[in-house]
Amino acid sequence: MDKIHSEWLLHSSQYLGEISALCFLHLPSHFHSLPYLLAGSGSQVLLYDLESAKLKKSFQVFEGIRLHGIICNEPGPGSGSVSTTAAFKVGLYGEKKVKLFDLTFDLSRKSQNQPEVHVNLSFVQSLPRFSHWVFDVSFLKDCEGSHCLAIGCSDNSIRVWDISNSTVILQVQSPEKCLLYSMRLWGDNLEALRIASGTIYNEIIVWKVDSQYGAPLFTGEEDHTNMCSSASECVKVHHLQYKAVNMFRLIGHEGSIFRIEWSSSGSKLVSVSDDRSARIWAVDAEQKASDSIEVVSSVLYGHNARVWDCCLTDSIIITAGEDCTCRVWGTDGKQLKMIKEHVGRGIWRCLYDPISSLLVTAGFDSAIKVHELCASLSKSLQAHPEAKGFNDRIEVFNVKIPNLSESTVFMDSKSEYVRCLCFTRKDSLYVATNHGYLYHAKLSNTSSVKWTKLVQVSEGVPVICMDLLSNNVSEDPCGIDDWVALGDGKGNMTVVGVVGDGSPELGFTFTWSAGIERQLLGTYWCRSLGYRFVFTADPRGILKLWQLHDPSLSVHREPWRTNNVSLVAEFSSCFGVRIMCLDASFENEVLVCGDLRGNLILFPLSSDLLLGTSAASGGKISPQNYFKGAHGISTVSSISVARLSSNKIEIRSTGGDGCICYLDYGSDEEKMEFIGMKQVKELSLIQSVSSDKNSDDDLASCNYAAGFASADFIIWNLITEAKVTQISCGGWRRPHSYLLGDIPEIKNCFAYVKDEVIYIHRHWIPKTEKKMFPQNLHMQFHGREIHTLSFVSENLQVGANGKKSPYDKSSWIATGCEDGTVRLTRYSPGVENWSASKLLGEHVGGSAVKSICCASEIHVIYSVVNNIHEKINRQKADSEGKENPFLLISVGAKRVLTSWLLRNRKMDKVNETPDEQNHDRVGNDYEPSVSESSSLSFQWLSTDMPTKNSSIHGKTKEIEKMVGITRNFASMNGDAKTESNFVESRETDSKSRLEVTYEDDWRYLAVTAFLVKFSGSRLTVCFVVVACSDATLALRALILPHRLWFDVALLVPMSSPVLALQHVIVPVHLPSKEDVQIGSAYFVISGATDGSIALWDLTESVEAFMRQLSTLHLEKLIDCQKRPQTGRGSQGGRWWRTLSSARPKKKPGSNSSTLNDVEGADCNFPDHTTCGLSTKSNDKESTTVQSIDNASGPGSNTVDFGSEICEIQPIHVLKNAHKSGVNCLHVSEIRNFQNTDYGKQFSVVSGGDDQAIHCFGFDLSIPSSDPYSKIITPAVIKPITESENVKKSIYFGPKQNQYYRIRPFNHYRVSSAHSSAIKGIWTDGIWVFSTGLDQRVRCWILEEHGKLTEHAHLVISVPEPEALDARACSRNQYQIAVAGRGMQMVEFSATDNVDGGQ
């Protein structure tokens, strides 16, 4: 390779992970009314402006050390009320290190009304590394007024550091010499210093530093300089003068003490513990020293797990724990409020500022959430103990309907009560009663209500249902402000038009009979159809559409006109269950309904029918399509329909299972397809979701969900994952109504009925009047450890015109977590690198995600044709016409395999922009907004997992057969004795494992996937290779678009579980001038726990499967209507039919074929060995095995289920590549190699627990006919070791009567590449990037003969890295993503052109 005469640049971006430290900075009021916030994340400090809720700046302060705490002193000189500068001394500590910085704020003004604050953090000094971990640091003042640092360590000692002289001037060891879990310091000078130590014995020791001889505790600088001539002598002198004296011993906790907090006066302590409790201790800071005093505490119980942090003020106590809750307590020990907005391992830090009443919580999920509490919290709650909210801007109305407010007698069965409520505006509420009355309530700003009795629909008949259409939704030429539809117990419908808002008047009313008595249960307006159409529903699933004719002719003096209404159509549900909600699309001519049992039904709704030009008016209409169990067996509460194109719509539904479901319907396919689901775990019933007004046609961009959890009404922010409001109301069965404004945090109304009283909660604040809380400062991410990640290919960012869009500046990364969640996160250069993260979904039952891979490029299999030019034309047609699907495959615990399909709807809109405009946007450093970039997402495609009652005996036989294959395989080798011992140990391990382990404990450990299709076929097959913890390796297939799973082959023998998988696909061409591709060769490379690396040839099995696939009518074999399992009761957890039970019985006398009819293949394939197939439905595994092309006899249409799946043996095994497990490997094509004897060359790199990196290459070509060449098949291949001459090991594989040759070469090993286990590795054939548990990212150059040379390394902030992936942004510029306990991006660039010479 060329020599390199330049530098390499490694730059780490912002760490996205746990927040471990918080600190407020109070600036003068002319800077900001709210304080700034310092947050420690990894090795970085993040500075947030709470006024704008934005990240101001981030600073890298440590290298590979997690920041544990932040302290700051009061603003220094020059920070007066009119000064433009504010300065702080900031102390940062983590593990055994402490550093000091100067943080300065400079105020400048762009204009008179726009001040700008410039921030600078400058390093002051770094303290020497301590021998024990630092638990707390505090600023002290000596008698001269200069600053010192008191440092508390885990060995229950303190050290005093003189900042001006940069030396330790005092070191005092507590009499209790024991290790600590926590320590907290109080006091601003050494004389007042009190130390609270939480010991490993579950007790707190409070001690102080006292003088040995009654001398002053702190001397001036001149005195202590005269006393000692060196730093070491100074420490010794002070150590002799001072001693540690115990004051209290606080006993009561039953677990480890994780956090201690002093009150501002030093008279109280709060401690939190492993025993799930917090304790308040009343201590006297002036108490004389005594070791015998034991203080009795009051206990706060409520957390369901360990408590991590606490805050203490004069009026409230705040605790945060592992149960992801932050709880606010009164001084009497009563819980006042609970906040639960974090996920994962809990809230690690909480911080409260009494001045601004702001509460900040942060945890493992990377989120920083800010809440506002009432300033006079304890006093207000004592006066109103039932109050649960702290916002004093909520108006509460307690009103009764007019007839009840005038009556003083008790209610009986004939009394009037409320049946329905409906908000139309923030000050307008409609109320319907059991006596048939419709009232209007006008809410004033003085908590008073003005009632207007509008109409009584029918005397003595109760109103059963009500719906309202406001003029702000539908334009009304009649001048009607509100349209109210009422259904009563007699089956009559009444439509009322209301005019005016301040003093509402009756515009018109008319009534007609819509059904029989007690059968009218629902009435619905459809916003898209307007006021001319209204629907009615009965309990048997019958939905009637009524048209209102010329309502302006009907006035309230003639209320009983019936000729103004006509029945348009009657829709009959195929499920016979009551319709609960609906929506329609006039352009696409469809009506979508949701019923009481979670089903979605789609009806045709022709425009001719609505316009009155159809002759079939009033007729019955049957469903065009349906989706059974979209919300399990729970009710569907709302439906929204949006138009995607002229023949496709998107459907969004919410339901009683707490889920938001998304479906697509295309008029061409005439079926509803489930594309995704979001589960809001905080809500048991979602009534509706809302989004921005600008994105009404984008149903995926929903921002808020309103619904119920138990007896509370909750508004939930879906973007920040924060609770907007919570009102205890008794549940959703009571009459209720709500209204959300454009900003639900400050604009929301909710009304409900309890007994005979209507309770109205109104929170409506002008946008500019008050800062909005709660807020999310830092993006929420995974709440647990990340096991795997994968870049979403940058090829997706290329538009249809072949030019790249502005999205090239950002990257998308898919990650899988321990809690089973899969997220898609966007990275873009800038101040805040991680700009968006969306939850794609989670594995069934929350099973951990262990591996993720992407499959985007389709590899086409061409049928055998005699004319080469015909083959060339077919290849061109396939390359021009195909639309490649992009799949994301995730696997994990419980053998769950989930596939996701890319949805990128807005990209087409971006590509429609003229080229010149795109050029201008890119040239001006255009950065896409979050809303634009968030259009990239994946839809759920399919989930596959084993049966719940799968037997262990089948696995026993399978492993015994694998052991037998291993024995036969071993007998071919020379060292029979060694191999015999290996087989015996393998057999013993298998039997012992089966005796103690159940199949439910197996988990998938690794996955790789690729896409294959026939030329001209609409079927695409995603071949998936999965490695299981039971030491099995299987080739499986997912048939698209039918979502049908097949077991294709078993890769044997496997002596140990496989931890890493990669695939290589090589196009095979004929040696001709036209360069005609005759197919591809498919290979998989595996790395196992025994340190071996194996190469497998899947070509024959893949092509045999594709040939047999062409003989089936797959569209008849499976019902594609599937949805993900949620793990919540029966919602989405139905058992779907397997293929073996899906064949219906043939009717007598019928000549129709069964579902398993086999027809001849359209493609002319050469003969191959029959490959047996095991089929699976989407969610269930079939226990039978079948061979598709084996019919039981001539003329038979049945399928033989008796054959076994085929087995594939490795073509090359590199034993002892690593001395222990192969944790990771990666393969890449070497594009610039000089040897022209071979067609393709590839480089394989691997990393293991032995801290080594192993590298080797192999090439593939079609050799010229050589009469002396010997064909080596897998049956006679011998596993080789590293010491053998691998150039002589050549494998020949058949490919359509041709032979391709594989030759391994250039083995190289770096023995101590990292100082600990290597967890991630990547290569592009030129550069190699690796990471390990040593928290280093190392960059290697791949030189000639496969030699690796390290050129750069960087310490990262991710603790315990588990995965690495990289992408080439341009030549010699890479983005490297590392994940573990969090995620971080590393950008690597070289300034010259580097060519890999192999």
With a 4.0 Å cut-off, would you call [X] and [Y] a salt bridge?
X       : Y      : value
Lys1013 : Glu857 : no
Lys681  : Glu721 : no
Arg784  : Asp819 : no
Asp944  : Arg895 : no

Rounded to the nearest 0.5 Å, how far apart are [atom1] of [X] and [atom2] of [Y]?
X       : Y       : atom1 : atom2 : value
Leu1038 : Leu941  : CG    : CG    : 5.5 Å
Phe781  : Arg823  : CZ    : CZ    : 7.0 Å
Ser1086 : Leu1225 : OG    : CG    : 7.5 Å
Arg643  : Asn588  : CZ    : CG    : 5.5 Å
Leu1011 : His859  : CG    : NE2   : 7.0 Å
Leu1033 : Leu1050 : CG    : CG    : 7.5 Å

For Glu670 and Asp668, run side chain to side chain contact (heavy atoms under 4.5 Å, CB included): C-alpha distance rounded to whole Å, both residues' side-chain angles, the deciding distance at 0.1 Å, then the answer. CA-CA 6 Å; Glu670 292 189 353; Asp668 296 337; over 6 Å; no
Does the side chain of [X] reach to within under 4.5 Å of the side chain of [Y], using non-hydrogen atoms?
X       : Y       : value
Leu789  : Ile852  : no
Glu785  : Glu1362 : yes
Lys850  : Glu818  : yes
Leu887  : Ser856  : no
Ile1039 : Leu1109 : yes
Cys659  : Thr654  : no
Met945  : Val844  : yes
Leu902  : Leu888  : no

Would Thr635 and Arg597 count as a side chain to side chain donor-acceptor pair (under 3.5 Å) if you check the C-alpha gap in whole Å, the side-chain angles of each, and the deciding distance to 0.1 Å? CA-CA 5 Å; Thr635 181; Arg597 287 297 177 182; over 6 Å; no
Compare every heavy atom of [Y] with every heavy atom of [X], then report the nearest pair and how far apart it is.
X       : Y       : value
Pro1057 : Leu1005 : CB-CD1, 4.0 Å
Ala1049 : Ile1208 : CB-CD1, 3.7 Å
Cys661  : His631  : SG-CE1, 3.5 Å
Cys853  : Ala1009 : SG-N, 3.6 Å
Ser1101 : Val1048 : O-CG1, 4.2 Å
Pro623  : Cys574  : CG-N, 3.8 Å

Examine distances only and state if a side-chain atom of [X] and a backbone atom of [Y] form a donor-acceptor pair shorter than 3.5 Å.
X       : Y       : value
Ser1017 : Leu1019 : yes
Asp595  : Ile601  : no
Asp664  : Glu673  : no
Thr1099 : Tyr1082 : yes
Thr898  : His843  : no
Ser667  : Asn647  : yes
Ser899  : Ser942  : yes
Asp1097 : Phe1083 : no

Worked verdict on Phe1014 versus Val860 for side chain to side chain contact (heavy atoms under 4.5 Å, CB included): CA-CA 6 Å; Phe1014 267 128; Val860 181; over 6 Å; no
Passes ring-ring contact (aromatic ring centres under 6.0 Å, His included), Phe1023 versus Phe1105? Steps please. CA-CA 10 Å; Phe1023 286 95; Phe1105 178 87; 5.5 Å; yes
Partner set under side-chain hydrogen bond (donor to acceptor under 3.5 Å, both in side chains) for [X], not counting sequence neighbours:
X       : value
Thr825  : Ser837
Thr815  : His782
His1063 : Thr1008

Apply side chain to side chain contact (heavy atoms under 4.5 Å, CB included) to Ile686 and Ile660, showing your working. CA-CA 8 Å; Ile686 302 179; Ile660 307 171; 3.8 Å; yes
Ring-ring centroid check Phe938 Phe886, cutoff 6.0 Å: yes
Using the side-chain contact (heavy atoms from CB on, under 4.5 Å) rule, pick out the option among Ile858, Val1024, Val1102 that qualifies with Phe1010. Val1102
Assess the residue pair Lys678 and Glu842 against the criterion (salt bridge (charged side-chain N to carboxylate O under 4.0 Å, His left out)); give the C-alpha distance rounded to whole Å, side-chain angles, the decisive distance to 0.1 Å, and a yes or no. CA-CA 9 Å; Lys678 179 176 178 60; Glu842 64 179 275; over 6 Å; no
Go through the steps for Trp900 and Val822 under the test side chain to side chain contact (heavy atoms under 4.5 Å, CB included), then give the verdict. CA-CA 10 Å; Trp900 318 80; Val822 178; 4.0 Å; yes
Parallel, tilted or perpendicular, as decided by the 30° and 60° cut-offs, for the rings of Phe575 and Tyr626: perpendicular
